[in-house]
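Just so you know, these numbers use all the heavy atoms, side chains as well, and skip hydrogens, waters and symmetry mates. Residue numbering restarts at 1 for every chain, and letters A, B, ... go by the order of the sequence lines.
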Number of protein chains: 2
Amino acid sequence: MASANSTAQRVTIRDVASVAGVSTATVSKVLNDRPDVGPEVRQRVLDTIARLGYRPNAVARGLRARHTDTIAILTDDLEGIFTNALMRGVEDAASAYDVSVLLANSYGDPDRERKHLRRLLDRQMDGLIIMSGNRVRPRSGPALPLPATPYVFLYEYAATEPVPSILPDDRGGAVLAAQHLLDIGRRRIGFINGPASWEATADRLDGLTATLAAAGAPLRPALIRHAASWSPQDGYALATELLDAPEPPDAIFGASDDLATGALAAIHERGLRIPEDVAVVGFDDRSLAVHQRPPLTTVALPLLEMGRVAGQRLLEAVNGGQQRHELIRVPCELRVRASTVGAGHTPR
Amino acid sequence: MASANSTAQRVTIRDVASVAGVSTATVSKVLNDRPDVGPEVRQRVLDTIARLGYRPNAVARGLRARHTDTIAILTDDLEGIFTNALMRGVEDAASAYDVSVLLANSYGDPDRERKHLRRLLDRQMDGLIIMSGNRVRPRSGPALPLPATPYVFLYEYAATEPVPSILPDDRGGAVLAAQHLLDIGRRRIGFINGPASWEATADRLDGLTATLAAAGAPLRPALIRHAASWSPQDGYALATELLDAPEPPDAIFGASDDLATGALAAIHERGLRIPEDVAVVGFDDRSLAVHQRPPLTTVALPLLEMGRVAGQRLLEAVNGGQQRHELIRVPCELRVRASTVGAGHTPR
DNA sequence: CACGGTTACGTAATCGATTTCGTTGAGCGA
DNA sequence: TCGCTCAACGAAATCGATTACGTAACCGTG
């Protein structure tokens with residue numbers, strides 16, 4: 001960056017001081033509500049500030065105060081499905097603390113990520129929210145010098161870091177879905193899980209299995225499928241398999257809304273009724289869920305809340321709180337819609 | 001914000017200077033590649049910097065240099081459908097200039113917006129990208145003091161501002177869609193437009209009308225519908241109307257992917273084939289378009305490019321370029337998929 | 001009236017860089 | 001040898017705030 005194109009010189013604390021006939025120290029004191037300023041001087045300074053339209057320079061203030069009231073989000077996928085809502089949650093929390101949020105996108109490229117991280121530290125960020133943690137500190141090889149800056153992991157688990165990681169309660173979400181299906185009388189539940197490489201899939205399977213077992217209607221191995229991706233196409237294909245099996249399910253739980261959407265199509269194609277013949281539950285509560293026909297019952301990922309918790313925790317640490325390794329699971333919420341409860345029905 | 005919890009004191013330029021046995025001026029000179037430093041002294045300083053792991057403090061630098069190498073995005077809807085891609089475009093451009101991006105979300109609340117704007121100016125942003133411009137400067141009533149800071153409007157038209165506004169070329173996009181439908185032999189084209197309150201709807205209608213008229217297959221008034229919202233439900237309802245009309249269309253152009261998706265459902269419901277009986281084209285190219293059955297041909301909004309252009313223009317202005325009132329239309333792109341061209345077909 | 005204690009304000013150092021300008025010494029020509 | 005130029009470096013001001021500390025005026029008390 002070269003020169004700026006400033007027009008009118010901004011008014012500084014010095015201008016206020018000279019116009020009000022006091023020292024800059026005094027102006028600073030009224031700015032920060034210090035007690036040792038007389039009432040009439042304070043008023044005079046206040047008037048001058050208003051008249052001149054003075055605003056303190058946050059950069060100068062930050063230099064002296066050694067904090068910038070700014071945190072950064074370091075992500076590897078700015079366009080990710082969930083990134084928006086997570087960011088908004090973070091922004092919410094930051095806003096409450098009068099803290100701004102900086103954005104850094106790495107595209108998953110480790111080099112870019114390191115470069116960004118360096119820049120963020122150079123800019124004296126008060127804290128970092130990391131949404132691509134596994135790459136920042138590779139398990140092997142030299143990691144970046146550990147910042148004295150506090151940080152937390154969001155939607156990402158860092159097993160060896162002495163800081164919190166914030167994740168959705170995948171297991172609890174699956175429990176919610178399973179319980180709901182039991183409540184509406186389903187016993188033969190088919191499960192279309194996501195790719196096994198995702199940690200969340202194990203948790204969801206676990207929640208489902210445990211809940212069904214506890215209810216005396218254990219999940220049948222024949223009704224479990226692992227998709228190769230989270231796409232509707234895979235959901236469609238695997239739902240088709242389930243429906244064509246000798247003992248087809250009376251409900252299908254898809255580990256993502258996309259998978260469940262595919263299942264919807266497969267069921268329609270067979271002329272079966274939803275939810276009378278087969279109920280369907282998804283996971284995520286993406287916006288498309290509500291637009292399905294019928295609208296999809298689903299387990300909502302608490303993205304906003306996760307972002308808020310991350311921001312909250314980070315800012316507590318910034319303000320002197322201690323950090324430690326910790327796994328925070330934010331509860332999911334069940335959104336009941338017509339794909340499990342047709343019009344007129346009331347669960348329970 | 002109260003105190004920070006720093007551990008090891010960060011190393012400053014003074015430390016480097018004293019260890020290397022030179023003055024801070026000299027260190028600064030090698031940092032900025034100034035000519036008046038001898039080769040051996042330069043090397044010694046460089047070595048010391050590396051050994052101490054010194055990194056210049058961007059806040060201090062910013063104070064002196066009067067620019068922060070940071071721009072901000074001021075938006076009223078951080079969770080908007082298009083916000084992600086626009087932001088990524090901006091981040092792309094900024095990244096190329098080694099500039100960071102700050103985020104400010106107003107929820108459409110004018111008070112929050114003013115507060116954010118004030119904060120951003122206090123923080124000495126080099127430039128602003130405004131994605132909620134109409135509220136920042138209400139047509140009536142007092143506007144905020146005009147910042148000396150450059151700014152541009154993104155996905156938002158500011159008729160009276162002396163700065164660029166970046167918008168998609170809606171008209172051109174509609175031309176693309178119309179031409180494509182003509183190319184595959186359609187003549188009776190139905191148009192499901194969005195709510196008339198959106199400026200884009202007029203442009204899209206215009207592009208469609210002009211192209212069809214030029215081809216000698218004018219758009220029939222009976223085949224035009226205005227939806228109350230952009231939702232699939234409305235698309236479904238209006239497509240149903242069109243299909244049940246005495247002379248049904250052989251193609252339906254939806255002014256959004258959601259609208260077109262609703263049309264898809266209506267067509268399926270009637271047992272008609274897509275695209276043989278009715279071809280369908282959408283607008284936006286949201287991720288759901290490719291997942292439809294059949295995958296939806298659509299006009300892609302050039303969101304990334306729009307963001308890039310906005311960032312680019314802004315940063316040129318930051319670097320001394322002049323700004324003026326200007327409306328920049330970024331071209332859309334047609335994504336041809338199976339909803340207009342079934343397997344095996346090749347258009348043109 | 002002298003003295004200690006407040007109160008209200010100013011002086012100057014400070015944060016960590018950049019930049020202007022002055023100084024020193026080497027090199028060179030006359 | 002003297003004087004001049006130029007290269008290489010340092011001293012100090014500066015950016016715009018905050019804050020530790022000094023000090024003058026004023027208070028009441030013994």
Output the rounded distance in Å from [atom1] ([X]) to [atom2] ([N]).
X        : N      : atom1 : atom2 : value
B:Leu52  : C:dG16 : CG    : C1'   : 15 Å
B:Gln124 : D:dC15 : CD    : C1'   : 11 Å
B:Tyr54  : C:dG16 : OH    : C1'   : 7 Å
A:Arg66  : C:dA17 : CZ    : C1'   : 13 Å
A:Arg55  : D:dA17 : CZ    : P     : 11 Å
A:Arg14  : C:dA12 : CZ    : P     : 14 Å
A:Leu31  : D:dT19 : CG    : P     : 11 Å
A:Asn32  : D:dA17 : CG    : P     : 11 Å

A:Leu63 or A:Arg44, whichever maps to the more 5' nucleotide of DNA chain C: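 Nearest-nucleotide comparison on DNA chain C picks A:Arg44.
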Provide the closest heavy-atom pair for A:Thr24 versus A:Ile13 in the form atom of the first, atom of the second, distance.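 Looks like O-CD1, 3.7 Å.
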Is the shortest heavy-atom distance from the side chain of [X] to the side chain of [Y] under 4.5 Å?
X        : Y        : answer
B:Glu156 : B:Ile130 : no
B:His116 : B:Asp111 : no
A:Tyr155 : A:Ile166 : no
A:Val152 : A:Gln323 : yes
B:Glu40  : B:Gln43  : no

Please confirm whether the shortest side-chain N or O distance from [X] to OP1 or OP2 of [N] is below 4.0 Å.
X       : N      : result
B:Ser28 : C:dT18 : yes
A:Arg61 : D:dT18 : yes
B:Asn57 : C:dC15 : no

For DNA chain D, find the residues of residues 33-43 of chain A with a heavy-atom distance under 4.0 Å and give them by number; none if there aren't any.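 Here the set is A:Arg34.
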Using five base pairs at each end, measure the axis-to-axis angle across the helix from C:dC1-D:dG30 to C:dA30-D:dT1 and round it to 10 degrees.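 Taking five pairs per end, the axes differ by 70°.
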Residue of the set B:Leu117, B:Ile71, B:Val163, B:Leu314 for which side chain to side chain contact (heavy atoms under 4.5 Å, CB included) holds with B:Leu128: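 Exactly one candidate clears the test, B:Leu117.
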Any donor-acceptor pair under 3.5 Å linking the side chain of A:Arg44 with the backbone of A:Ala20?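 Yes.
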Any donor and acceptor pair, going by atom type alone, linking the side chain of B:Thr70 with main-chain N or O of B:Val101 inside 3.5 Å?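 Checking the backbone N and O of B:Val101 against the side chain of B:Thr70, no donor-acceptor pair under 3.5 Å is found.
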Remember a base hit wins even if backbone is also touched, and classify A:Val27 as base, sugar-phosphate or nothing at under 4.0 Å, heavy atoms.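 Nothing, no heavy atom under 4.0 Å.
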Select base, sugar-phosphate, or nothing to describe what A:Val59 touches, counting heavy atoms under 4.0 Å on all strands.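 No contact.
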Classify the side-chain pair B:Thr68/B:Arg123 by whether it contains a donor and acceptor separated by less than 3.5 Å.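 Not at all, the side chains of B:Thr68 and B:Arg123 share no donor-acceptor pair under 3.5 Å.
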Atom pairs under 3.5 Å: protein N/O with N/O of nucleotides 11-14 of chain D:
{"unit_1": "D:dT14", "atom_1": "O2", "unit_2": "B:Arg64", "atom_2": "NH1", "d": "2.7"}

Would you say that more than 12 heavy atoms from the other residues, nucleotides or ligands in this model lie under 6.0 Å from the CD of B:Glu199, or not?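 Atom CD in B:Glu199 is not crowded, with 12 or fewer foreign heavy atoms closer than 6.0 Å.
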Within this structure, what is the OG1-CG distance for the pair A:Thr75 and A:Leu103, rounded to the nearest 0.5 Å?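 Going from OG1 on A:Thr75 over to CG on A:Leu103, the span is 8.0 Å.
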